[in-house]
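Note that this is a predicted model, so its numbers are computed, not measured. Whatever order the structure lists ligands and atoms in, that order sets their numbers, starting from 1. Because only heavy atoms are used, hydrogens play no part in the values below, and waters and symmetry mates are left out as well, while side chains stay in.
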Amino acid sequence: MYKRRLSIARLLDSSSPQMGININGWVRTRRNSKTFSFLEINDGSCVKSIQAIADEEVDNYSELRSIGTGTAISIAGDLIESPGKNQRWELRVLSFKIVGSCPGDYPLQKKRHSDEFLRTIAHLRGRTNKYGAMFRIRSRLSYAIHQFFQGHGFHYVHTPIITGSDCEGAGELFRVTTLDFQNIPTVGGKIDFSEDFFGREAYLTVSGQLAVEPFCLAVGNVYTFGPTFRSENSNTSRHMSEFWMVEPEIAFADLNDDMDLAEEMVRYLIAFVRTDCSEDFKLFSDFVDKSLDARLGLIETGKFERVSYTEAIKILTKNNDGFEFQPIWGRDLQSEHERYLTEKHFEGPVFVHDWPREIKPFYMRENNDGKTVAAMDLLIPNVGELVGGSQREERFDRLQQRVRSDSLNEQDYWWYLETRRFGSAPHAGFGLGFERFLMLVTGVSNIRDVIPYPRTPKTLEF
Ligand code: 4AD
Ligand code: MG
């Protein structure tokens, strides 16, 4: 059986002293006094480090006195009550072993580094308090997402990453190919994709939605949660080329059910972070954004407004807040408009629903007015669009018409259309950007700092 390593998190949680234990971790700091050395050891199990104290009785004590920050170390010792007032426990060192030394050019010598600098050493930034906390929260929240859906009887569907269709129709696709770029096969002056690996054009998925929908119409409420890819060439603090999306799809449901689900899920996940991840969360609410906890508290218990797109445009037109872009019916909302609605007008989260059909993808259900579709975006203060979703067009004829009028290749969607011929049913779903959600709950303002290895245009270092 796998022998579990004793974590520092568990040790610091101990209710009594423990003799003859062993810890493994990395040295955060070392301080020498005349006859003692104090080491702060962190093993990534929690934000706190344990203080280890050694004296000259310890074998190879002189080696320990010059140990470098970042060294991997294994220590045997006793957990005893600490006389220091900042911690309950400390570790009296009986013996130690240097597992991996760390020379003086280790970049994390100081306590504080800028986020910009840490981005250039993404392979090491998890060793800082802030990024350790970030990636633990990321892990716990992934678990909470499964817990939320599994607890509500949803089935997890593994949708493919390689796909043949552009779900959002925005043309932001990365190609997947094994064609030899030095010798590209052509027919009639065009690339001959029949020679390619799949015998046709293939891409990285921009969304798992189209693939998850047939399972919604098969096993009921489902969700997918995985990486998605967009080649959109925008260098903003809220966009990445690779990000994770949570996408539930609910059967026999309409747009209101969809908004209800999104609201419940967001509240659940916020409550989870504030309780389950309280220590790591505290780092962000103390040091990154002092208003974070209060703001999240309001979202957790406050009202989520619901306003139609048409109404939103009216509000924006009436209150022209020196906008750079005029709010015009039929155009997408700019982030300055989103900010106005969430931060000034409603002062909280707001669903904007029933959008002009011209600016939305083919799969959204057409409303009776013939001009709008049953779509919704959830906008959040400071974050902007967190969720995008819709009720799906379940009527075969309308969907087929829309595929045609959007000049999509009908043959590529034969299987999707078929689900509307064989026992079609109203259904709805949404996508929640996982990194956007992490920005919301940590107050971190750049999306590159909430994912282990950010991918953005012109940067792929790691
Ligand atoms: O609004 P989007 O494009 O919706 C869809 O892809 C639907 N197919 C989802 C569905 O109905 N199942 O994307 C959903 C969310 C956005 O609201 C945003 O939070 C996030 O995904 N997102 C991004 N996050 C980071 N970087 C990007 N480039 C993103 N693009 C979208
Ligand atoms: Mg969207």
Side-chain angles (χ1 to χ4, degrees), residues 145 149 154 157 159 163 165-174 203-216 221-250 253 255 257-259 261-262 265-266 269 309 332-335 337-338 342 349-353 355-356 359-365 373-380 382-393 416 427-441 444-451 454-457:
I145 283 162
F149 285 119
F154 284 60
V157 179
T159 50
T163 167
S165 50
D166 179 3
C167 174
E168 294 305 292
E172 296 166 348
L173 298 162
F174 286 103
Y203 315 98
L204 294 179
T205 190
V206 296
S207 158
Q209 179 199 324
L210 296 190
V212 94
E213 274 188 58
F215 284 85
C216 174
N221 293 357
V222 291
Y223 69 106
T224 182
F225 178 25
T228 49
F229 309 86
R230 297 191 185 184
S231 63
E232 183 182 11
N233 197 3
S234 61
N235 248 310
T236 78
S237 57
R238 299 187 300 143
H239 291 88
M240 281 187 298
S241 316
E242 176 175 322
F243 61 98
W244 283 62
M245 220 201 291
V246 186
E247 297 183 270
E249 196 70 31
I250 42 179
L255 191 65
D257 300 319
D258 205 31
M259 290 190 277
L261 178 66
M265 176 182 171
V266 167
L269 294 178
Y309 167 88
D332 220 341
L333 295 185
Q334 299 289 327
S335 59
H337 304 146
E338 296 175 354
T342 54
V350 52
F351 283 105
V352 178
H353 55 79
W355 290 68
I359 56 170
K360 289 292 182 188
F362 76 100
Y363 54 73
M364 294 185 177
R365 190 179 200 277
V373 287
M376 60 88 164
D377 274 7
L378 173 60
L379 310 178
I380 302 265
N382 301 321
V383 174
E385 181 191 331
L386 175 68
V387 166
S390 62
Q391 184 173 342
R392 318 308 189 186
E393 184 56 82
Y416 188 74
H427 60 292
F430 64 80
L432 173 138
F434 188 48
E435 285 75 21
R436 299 252 177 108
F437 188 77
L438 280 162
M439 292 170 77
L440 168 66
V441 295
V444 164
S445 57
N446 195 316
I447 197 164
R448 293 166 181 78
D449 298 334
V450 302
I451 192 164
R455 270 86 180 86
T456 50

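- Phe430 and Met376 get closest at one heavy-atom pair: CB-CE, 3.8 Å.
- Within the listing of ligand 1, atoms 6 (O), 8 (N) sit less than 4.0 angstrom from a heavy atom of Ser207.
- Taking a cutoff of 4.0 Å between a charged side-chain nitrogen and a carboxylate oxygen, Glu168 and Arg230 do not qualify as a salt bridge.
- In this structure, Ser231 contributes its side chain and Glu172 its backbone to a donor-acceptor pair below 3.5 Å.
- Of the heavy atoms in Glu385, both backbone and side-chain atoms come closer than 4.0 Å to ligand 1.
- Summarising the geometry of Ser241 relative to Thr456, their closest heavy-atom pair is OG-CA, 3.4 Å, with the distance given to 0.1 Å.
- Two rings, from Phe225 and Phe434, have their centers less than 6.0 Å apart.
- For Tyr223 and Phe149, the ring centers sit closer than 6.0 Å to each other.
- The single protein non-hydrogen atom nearest to atom 15 (C) of ligand 1 is Gly431 O, 3.6 Å, given as residue, atom name and distance.
- Between His239 and ligand 1, not a single N/O pair is under 3.5 Å apart.
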From CA spacing to verdict: side-chain contact (heavy atoms from CB on, under 4.5 Å), Leu173, Thr163:
CA-CA 10 Å; Leu173 298 162; Thr163 167; 5.7 Å; no
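- Taking a cut-off of 2.8 Å, the protein N, O or S atoms nearer than that to the Mg ion (ligand 2) are Glu385 OE2.
- Of all heavy-atom pairs spanning Leu378 and Val266, the tightest one is CD2-CG2, 4.1 Å.
- Judged by distance alone, the side chain of Glu242 and the main-chain N or O of Arg455 form no donor-acceptor pair under 3.5 Å.
- With respect to atom 11 (O) of ligand 1, the closest heavy atom belonging to the protein is Arg392 NH2, 2.9 Å.
- The proximity of Met245 to ligand 1, defined as any non-hydrogen pair under 4.0 Å, is limited to the side chain.
- Nearest approach of Pro214 to Leu210, heavy atoms of both residues: CD-O, 3.0 Å.
- By the 4.0 Å heavy-atom criterion, Tyr363 is counted among the residues contacting ligand 1.
- A 6.0 Å sphere centred on CZ of Phe229 holds more than 12 heavy atoms belonging to other residues, nucleotides or ligands.
- Of the protein's heavy atoms, Arg436 NH1, 3.4 Å lies nearest to atom 18 (C) of ligand 1.
- Residue Thr228 places every heavy atom at 4.0 Å or more from ligand 1.
- Within the listing of ligand 1, atoms 1 (O), 9 (C), 10 (C), 11 (O), 17 (O) sit less than 4.0 angstrom from a heavy atom of Gly388.
- Residue Arg455 places every heavy atom at 4.0 Å or more from ligand 1.
- Among protein heavy atoms, the minimum distance from atom 4 (O) of ligand 1 is reached at Glu168 OE1, 3.9 Å.
- Under the 3.5 Å distance criterion, the side-chain polar atoms of Asp377 are left unmatched by any main-chain donor or acceptor of Val352.
- In this structure, Met240 counts as a contact residue of ligand 1, since one of its heavy atoms falls inside 4.0 Å of the ligand.
- Residue contacts with ligand 1 for Leu386 involve N, CA, C or O but no side-chain atom from C-beta outward (heavy atoms, distance under 4.0 Å).
- The closest protein non-hydrogen atom to atom 22 (N) of ligand 1 is Phe243 CE1, 3.4 Å.
- Where the criterion is an N or O separation shorter than 3.5 Å, residue side chain and backbone included, Glu249 fails it with respect to ligand 1.
- In terms of polar-atom proximity, Val206 is not counted as a contact of ligand 1, lacking any N or O under 3.5 Å from an N or O of the ligand.
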Side chain to side chain donor-acceptor pair (under 3.5 Å) between Tyr363 and Gln209, worked out
CA-CA 10 Å; Tyr363 54 73; Gln209 179 199 324; 3.2 Å; yes
Step by step, would you call Val387 with Met265 a side-chain contact (heavy atoms from CB on, under 4.5 Å)?
CA-CA 11 Å; Val387 166; Met265 176 182 171; over 6 Å; no
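- Residue Arg238 places a heavy atom under 4.0 Å from ligand 1.
- In terms of heavy-atom proximity, Ala375 sits nearest to Met364 at CB-SD, 3.4 Å.
- In this structure, atom 12 (N) of ligand 1 lies nearest to the protein heavy atom Glu247 OE2, 2.7 Å.
- Where the criterion is an N or O separation shorter than 3.5 Å, residue side chain and backbone included, Ser390 fails it with respect to ligand 1.
- Residue-to-ligand polar distances place Gly433 within reach of ligand 1: an N/O pair is separated by less than 3.5 Å.
- Of all atoms in ligand 1, numbered sequentially from 1 with element shown, those under 4.0 Å from a heavy atom of Val387 are 17 (O).
- Closest non-hydrogen pair, Glu249 versus Val212, comes out as CB-CG1, 3.8 Å.
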For side-chain contact (heavy atoms from CB on, under 4.5 Å), just list the numbers for Arg238 and Val383, CA-CA rounded to whole Å, side-chain angles, deciding distance to a tenth of an Å, and then say yes or no.
CA-CA 8 Å; Arg238 299 187 300 143; Val383 174; 5.5 Å; no
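- Heavy atoms of Ile447 found under 4.0 angstrom from ligand 1 belong exclusively to the side chain.
- What sits closest to atom 3 (O) of ligand 1 on the protein, heavy atoms only, is Arg230 NH1, 2.8 Å.
- Judged purely by atom type and a 3.5 angstrom limit, Thr224 uses its side chain to pair as donor or acceptor with the backbone of Val157.
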